[in-house]
Amino acid sequence: MPKKVRKGRKVRMDEWDKPTLGWKKRERFCNMQPKVRIHRKGGFYYISLFASTKDGMSFTEIKNSGECAEAISNAATELILSMVRPDDEWCIVTTPKRRHFTEYHFATDICKKIARGLNIKFYESAIQCLNKTRINPEFHLLRPISEQRIILFDDICTTGSTITAAYDLLRDRKQVLCIVGINNH
């Protein structure tokens with residue numbers, strides 16, 4: 001009688017023969033062509049300026065590019081000026097820095113440029129993340145913001161949980177205008 005072969009037996013794998021794909025995270029791209037859209041998320045709306053595409057620059061490249069920050073900030077400034085007249089009642093904040101590994105912070109750079117273009121105050125690092133979860137983040141306002149009209153900026157929106165949690169902190173204001181650089185849906 002032939003010997004029975006067990007299914008699912010463990011096989012040693014060296015570094016050179018490990019599968020190259022598997023659970024590898026899929027890289028996202030954007031061709032940096034403006035595609036302004038309005039989206040509803042729960043009880044509020046946000047406006048995205050660009051959208052993910054099948055080709056173009058990877059999000060990693062984009063988030064390290066001052067030129068892309070300039071393109072997004074120019075598009076945001078133009079959009080905001082077409083909708084409202086920013087004055088001393090307006091300011092801009094960005095979502096918290098999470099999973100951030102370099103000195104350069106893309107969203108902060110964009111917000112500084114928008115604030116200069118609109119002549120409004122930018123509250124850098126105004127919102128802190130209390131946990132590391134992506135789906136249900138817990139945010140805390142680090143400093144008082146006196147302005148009653150706030151532009152809330154998020155660089156890339158995938159699930160919408162980050163901008164939702166940030167919006168929930170600011171919903172007691174007269175107006176919160178939510179802008180997203182790249183929509184990744």
Side-chain angles (χ1 to χ4, degrees), residues 28 30 32 34-52 59 62-63 68-100 104-185:
R28 307 292 179 147
C30 179
M32 294 305 293
K35 190 173 184 179
V36 178
R37 299 284 185 263
I38 188 164
H39 311 268
R40 183 178 174 102
K41 180 69 180 168
F44 71 100
Y45 292 90
Y46 69 90
I47 300 168
S48 63
L49 305 169
F50 297 84
S52 61
F59 282 7
I62 290 169
K63 288 185 78 141
C68 291
E70 187 74 31
I72 292 173
S73 66
N74 288 342
T77 302
E78 183 181 322
L79 174 77
I80 294 163
L81 287 172
S82 74
M83 296 172 59
V84 298
R85 293 185 184 265
D87 55 19
D88 59 354
E89 278 195 38
W90 283 92
C91 70
I92 187 167
V93 298
T94 187
T95 54
K97 297 176 184 178
R98 300 186 300 157
R99 300 174 301 277
H100 188 259
Y104 177 72
H105 189 251
F106 187 64
T108 298
D109 187 21
I110 293 169
C111 286
K112 285 179 180 177
K113 292 173 188 315
I114 293 170
R116 265 195 314 273
L118 300 176
N119 197 26
I120 61 173
K121 186 169 183 173
F122 168 48
Y123 288 90
E124 187 172 351
S125 301
I127 302 173
Q128 178 185 29
C129 185
L130 300 176
N131 61 7
K132 298 290 183 190
T133 64
R134 292 184 73 129
I135 302 302
N136 294 310
E138 293 178 40
F139 293 164
H140 172 72
L141 201 56
L142 284 177
R143 60 183 56 115
I145 297 174
S146 59
E147 291 80 4
Q148 286 299 305
R149 300 179 194 281
I150 297 177
I151 299 163
L152 173 60
F153 180 81
D154 192 4
D155 55 358
I156 298 173
C157 179
T158 300
T159 65
S161 60
T162 301
I163 199 156
T164 300
Y167 175 81
D168 286 343
L169 279 177
L170 305 168
R171 68 179 336 148
D172 64 335
R173 305 307 167 112
K174 283 183 186 175
Q175 192 171 4
V176 179
L177 178 58
C178 300
I179 309 278
V180 167
I182 302 171
N183 192 41
N184 185 24
H185 281 82

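What you see is a predicted model; the values in this text were computed from it and never measured. Here, residue 1 is the first one in the sequence, and each next residue gets the next number. For the numbers below, each heavy atom of this structure counts, side chains included, while hydrogens, waters and symmetry mates do not.
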Between atom [atom1] of [X] and atom [atom2] of [Y], what is the distance when rounded to the nearest 0.5 Å?
{"X": "Tyr45", "Y": "His39", "atom1": "OH", "atom2": "NE2", "result": "12.5 Å"}
{"X": "Asp88", "Y": "Ser146", "atom1": "CG", "atom2": "OG", "result": "9.0 Å"}
{"X": "Ile80", "Y": "Ile151", "atom1": "CD1", "atom2": "CD1", "result": "4.0 Å"}
{"X": "Lys41", "Y": "Ile163", "atom1": "NZ", "atom2": "CD1", "result": "10.5 Å"}
{"X": "Ile114", "Y": "Glu78", "atom1": "CD1", "atom2": "CD", "result": "12.5 Å"}
{"X": "Cys111", "Y": "Ile92", "atom1": "SG", "atom2": "CD1", "result": "4.0 Å"}

Self-check item: Derivation of the side chain to side chain contact (heavy atoms under 4.5 Å, CB included) call for Val84 and Gln175
Solution: CA-CA 11 Å; Val84 298; Gln175 192 171 4; 4.2 Å; yes
I want to check something: taking the side chain as every heavy atom from C-beta on, are [X] and [Y] in contact at a cut-off of under 4.5 Å?
{"X": "Phe106", "Y": "Ile72", "value": "yes"}
{"X": "Phe50", "Y": "Lys35", "value": "no"}
{"X": "Ile150", "Y": "Lys174", "value": "no"}
{"X": "Val93", "Y": "Leu170", "value": "yes"}
{"X": "Glu138", "Y": "Asn136", "value": "no"}

How far apart are the closest heavy atoms of [X] and [Y], and which atoms are they?
{"X": "Ala51", "Y": "Cys30", "result": "O-SG, 3.3 Å"}
{"X": "Cys91", "Y": "Ile120", "result": "C-CD1, 3.8 Å"}
{"X": "Ala166", "Y": "Ile127", "result": "CB-CD1, 4.1 Å"}
{"X": "Ala165", "Y": "Pro137", "result": "CB-O, 3.8 Å"}

Quiz prompt | Qualifying residues under side-chain contact (heavy atoms from CB on, under 4.5 Å), relative to Asp87, sequence neighbours excluded | solution = Glu89, Trp90
With a 3.5 Å cut-off and sequence neighbours excluded, list the donor-acceptor pairs that the side chains of residues 178-185 form with protein atoms.
{"residue": "Asn183", "atom": "OD1", "partner": "Tyr46", "partner atom": "OH", "Å": "3.1"}
{"residue": "Asn183", "atom": "OD1", "partner": "His185", "partner atom": "ND1", "Å": "2.8"}
{"residue": "Asn184", "atom": "ND2", "partner": "Thr158", "partner atom": "OG1", "Å": "3.0"}
{"residue": "His185", "atom": "NE2", "partner": "Thr158", "partner atom": "O", "Å": "3.0"}

Does [Y] offer a backbone N or O that forms a donor-acceptor pair with the side chain of [X] under 3.5 Å?
{"X": "Arg143", "Y": "Glu124", "answer": "yes"}
{"X": "Lys63", "Y": "Tyr104", "answer": "no"}
{"X": "Arg173", "Y": "Glu147", "answer": "yes"}
{"X": "Thr77", "Y": "Asn74", "answer": "no"}

Practice problem: Could you check Lys97 against Thr108 for side chain to side chain contact (heavy atoms under 4.5 Å, CB included), going step by step and ending with a plain yes or no? | Solution: CA-CA 9 Å; Lys97 297 176 184 178; Thr108 298; 3.5 Å; yes
Quiz item: Among Lys112, Lys113, Arg116, whose side chain to side chain contact (heavy atoms under 4.5 Å, CB included) with Ser73 holds?
Solution: Lys113
Quiz prompt | Within 6.0 Å of CG in Asp172, more than 12 heavy atoms from elsewhere | solution = yes
Quiz prompt | All pairs passing ring pair (Phe, Tyr, Trp, His ring centres under 6.0 Å) where residues 145-179 contributes a residue, at least two apart | solution = Phe44-Tyr167
